[in-house]
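None of the values given here were measured: they were computed from a predicted structure. Note that the numbering runs from 1 along the sequence shown for the chain.
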Amino acid sequence: MKRVTILILFLALFYNLEVQGQEQVAITKSEVLTRVSEHNTSIKISEEDFKQAKADFKQTNAVFLPNITASHTAMATTNPLMAFGSKLNQEILTQNDFSPALLNDPSQIENYATKFEIQQPLINMDGMYQRKAAKSKMEAMSLKTERTQDYLAFEVEKAYMQLQLAYKAVAVLETALEAANANKELADNSLKQGYLQRADVLNVEVRVTEVQNQLQSANSNVENASNYLSFLMSDDTYVIYTPADELKLAAVEIEDQIISENRSDIKAMQLSTEAYEAMNKADKMAFLPRLNAFGSYELYDDQIFQADANGYVFGAQLSWDIFQGSKRFGKAQKSKSEYEKSKLEYKQYVSQSNLELNKAKRAFIDAENKLKLNRLALAQSEESLRIRTNRFKEGLEKTSDLLIAETQYAQKQLEYYQTIFEYNYAQAYLQFLTKE
């Protein structure tokens, strides 16, 4: 049993030395915000989503712009029809080529054709609405990127306060440990002088052990909070950060704050609904005919890359897909359902956002009231501990009462800093919910 105890103490000492040996870097909240905006992976992913939507929108330029192709074809044939046509395109027909023997059994002929083609859309109503839908989607993705940045700024606010709170807890518990060790020394002296019993000293030693355990947990919370900041900043070094800014009360007016329809994520959902509406109209317009212009310029010769003969073709085509089974009917019904669903989702999202705002306002009021009570309780417990400590030094106070006072004071300190965190967090969340 003794060996096990020594091993545990050795491992704990090794862990503490390892933590203390880690590099500690002071950092301000503004520095964290800057690094997150520049390096955070979620923001980069959101930006790539926007680029994809922008590329989809660029593809819809085909509704206005022509499609131009160029080709060069080499061919050799003894097919009677193709051989006659090739000579005709090359403008080398002679009277002898009309001989039935040559027409029926021509010699091999080579044909080299260079062709330039252009297709120009004129009227394409479904394509126009598809372009409109792609534009709405692109704008929605831009707003989602903006909202992602807003969310990460809020997340940085919370994570930085968690780091501040963790260090406050360490400071409180270190002070409590110093006081507990001092009381233990007094208790040991009182035991030697016969003023205390061994049971009282054991109670003090238990208190020292409890504070040591709490301090160890607080140090782990410091590492956890610091590592989360590293994650947000996409920093793989995972150094231990120390907050350069103090944990203090923030003050923001919240009386008239409401959910705005211009908030980036809500506006993005509205644009998504518009995109579904445009796609539904595009599916309906697919029943209409399309008008396209076309043209080609062709060069022919019996030698490669030569152009002794040429010709062109141009015209316009009105095409109408009258019936494609039930494919287009089903597609139009599906897009109509998607549009209706998006309207319901938008309404639900706005309602849920208002619900979150009301909860956040109540949480802020609760935190404000709790802050007042905890400030008063902290002052009372501090004064109680001062009185009992002085009486204990004079031998007028029981050990158990002093330990209770110490525990309460440390607890009230932690509760007070926790309430500051909750108060500031509630304000930050309100700002996040009501940001336009």
| task | Begin with the C-alpha distance, continue with both residues' side-chain angles, and end with the deciding distance and a verdict on salt bridge (Lys or Arg N to Asp or Glu O under 4.0 Å) for K137 and E139. | result | CA-CA 5 Å; K137 180 182 177 182; E139 293 173 348; over 6 Å; no

| said: Quick one: does any side-chain atom of Q164 pair with a main-chain N or O of D245 as donor and acceptor, under 3.5 Å? | reply: yes

| task | Please check if the distance between the ring centroids of Y300 and Y112 is under 6.0 Å. | result | no

| message | Go through it in stages, so that I can follow the logic: the residues are R328 and D321, the test is salt bridge (Lys or Arg N to Asp or Glu O under 4.0 Å), and I'd like the CA-CA distance, side-chain angles, deciding distance and then a yes or no. | response | CA-CA 10 Å; R328 287 184 300 181; D321 291 333; 5.2 Å; no

| Worked verdict on E47 versus K44 for salt bridge (Lys or Arg N to Asp or Glu O under 4.0 Å) | CA-CA 5 Å; E47 289 173 348; K44 292 181 178 180; over 6 Å; no

| field | Within the 6.0 Å centroid threshold, strictly below: F294 and F314 | value | no

| query | Is the gap between the ring centers of F287 and F329 under 6.0 Å? | reply | yes

| query | Regarding R386 and the six-membered ring of Y409, is the cationic atom NZ or CZ under 6.0 Å from the ring centre and inside 45° of its axis? | reply | no

| task | State, without any angle test, whether N40 and R35 hold a side-chain donor-acceptor pair at a distance under 3.5 Å. | result | no

| said: Does this structure show an ion pair linking K144 with D49, if we count only N-O contacts that are shorter than 4.0 Å? | reply: no

| said: Both conditions, 6.0 Å and 45 degrees, for the charged tip of K87 above the ring of F84: are they met here? | reply: no

| task | Decide whether E356 and Y429 meet the rule of one side-chain donor and one side-chain acceptor closer than 3.5 Å. | result | yes

| request: Using atom types as modelled and distance alone, determine if a side-chain donor or acceptor of D301 lies under 3.5 Å from a backbone N or O of D308. | output: yes

| Is a side-chain donor or acceptor of R263 paired with a backbone partner of L433 at a separation under 3.5 angstrom? | yes

| Side chains of S234 and T41: donor-acceptor distance under 3.5 Å anywhere? | yes

| field | Polar contact flag, side-chain donor to acceptor under 3.5 angstrom, Y241-D235 | value | yes

| request: Apply salt bridge (Lys or Arg N to Asp or Glu O under 4.0 Å) to the pair E246 and K168, showing each step before the final yes or no. | output: CA-CA 10 Å; E246 283 292 325; K168 285 291 185 183; 3.3 Å; yes

| Residue pair D283 / S335, side-chain donor-acceptor N/O under 3.5 Å | yes

| message | Would you say CD of E261 has more than 12 non-hydrogen atoms from neighbouring residues, nucleotides or ligands within 6.0 angstrom? | response | no

| note | side chain to side chain donor-acceptor pair (under 3.5 Å) with Q411: of Q408, E415, Q413, only one passes, and it is E415

